[in-house]
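One-based numbering, in listed order, for ligands and for the atoms of each. Only this structure's heavy atoms are used, side chains among them; waters, hydrogens and symmetry mates stay out. We number each residue from 1, following the sequence as shown.
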Amino acid sequence: MHIHRQERIWMTIGLAMLVVFAAFITTAAVVDGFVPPSHVQSIDPTKVSETPPFDKPGLRKVANGEYEAYYVARIFSFTPAEIDVPLGSRVTFYVTSADVEHGFSIPETGVNTMVTPGWVSQVSHTFTKPGTYLLVCNEYCGAGHQLMSAKVEVR
Ligand SMILES: [Cu+2]
């Protein structure tokens, strides 16, 4: 079978791009530790405010430098609206929605997950830079979507 020279060049370029993209994904997963947010824990979305630990959302210390943060997303706010995290701490965020699909994103940290009613999203981050981090909803959830935010204070 004869393959035209230009066709061979474009096949090589296409194959090289696949190899480069696979290398980026592998590097992000292995070196940077990016993983898809877990969607393994379920919750009744109509009973979020009665279901522990989401009946009392907030930050819990689990060990030195280890925290768990439980968040409830609902139109158009996050509860808690603000948490204080000691510098250098690793925080695992557990987020659920009491109504519609929301987003949960802290720009420049890699914290970014969808929040689907009926499920608990989980994502972790170690805060190594002090400052006020803005936590935003990045899934359009209704007329007040742009107002939906919270703060993570790291000091
Ligand atoms: Cu939204």
Side-chain angles (χ1 to χ4, degrees), residues 14 17-155:
M17 286 170 69
L18 284 178
V19 170
V20 168
F21 294 155
F24 274 120
I25 291 169
T26 305
T27 305
V30 176
V31 179
D32 301 331
F34 284 8
V35 290
S38 75
H39 265 138
V40 291
Q41 191 186 342
S42 61
I43 184 170
D44 182 342
T46 61
K47 296 193 170 90
V48 168
S49 49
E50 301 129 60
T51 309
F54 294 99
D55 56 338
K56 294 185 182 81
L59 191 70
R60 317 248 201 294
K61 187 174 184 170
V62 286
N64 262 352
E66 282 276 339
Y67 290 83
E68 290 176 345
Y70 294 91
Y71 275 88
V72 176
R74 53 167 62 88
I75 49 171
F76 297 102
S77 66
F78 290 104
T79 309
E82 189 172 340
I83 59 170
D84 277 290
V85 176
L87 185 65
S89 303
R90 180 168 180 80
V91 181
T92 302
F93 296 92
Y94 297 89
V95 195
T96 195
S97 169
D99 41 45
V100 299
E101 186 90 30
H102 293 285
F104 187 89
S105 171
I106 306 174
E108 296 176 29
T109 62
V111 173
N112 187 5
T113 181
M114 286 171 86
V115 184
T116 305
W119 296 92
V120 177
S121 296
Q122 181 188 328
V123 60
S124 296
H125 181 69
T126 303
F127 290 90
T128 54
K129 285 185 198 155
T132 304
Y133 292 78
L134 188 64
L135 192 174
V136 294
C137 173
N138 58 1
E139 291 284 335
Y140 183 74
C141 56
H145 164 69
Q146 75 281 1
L147 306 171
M148 191 167 168
S149 69
K151 276 187 202 167
V152 177
E153 202 67 63
V154 179
R155 51 190 154 203

Study note, to complete from the structure: To the nearest 0.5 Å, atom NE2 of His102 lies from atom CD1 of Ile75 at 6.5 Å
Study note, to complete from the structure: dist Ser49:OG -> Lys56:NZ (nearest 0.5 Å) comes out at 11.5 Å
Exercise for review: Tally every protein N/O/S atom whose distance to the Cu ion (ligand 1) is less than 2.8 Å; waters are neither shown nor counted.
Suggested key: 4
Check your understanding: Going through the checks in order, is the side chain to side chain contact (heavy atoms under 4.5 Å, CB included) test met by Leu135 and Tyr71?
Key -> CA-CA 11 Å; Leu135 192 174; Tyr71 275 88; 3.8 Å; yes
Exercise for review: Can you sort out the partners of Thr132 under side-chain hydrogen bond (donor to acceptor under 3.5 Å, both in side chains), two or more places apart, ordered by chain and number?
Suggested key: Glu153
Review point. Sub-3.5 Å donor-acceptor pair from the side chain of Thr96 to the main-chain atoms of Trp119, do we have one?
Key: yes
Exercise for review: Starting at CD1 of Ile83, measure out to OH of Tyr70 and round the result to the nearest 0.5 Å.
Suggested key: 12.5 Å
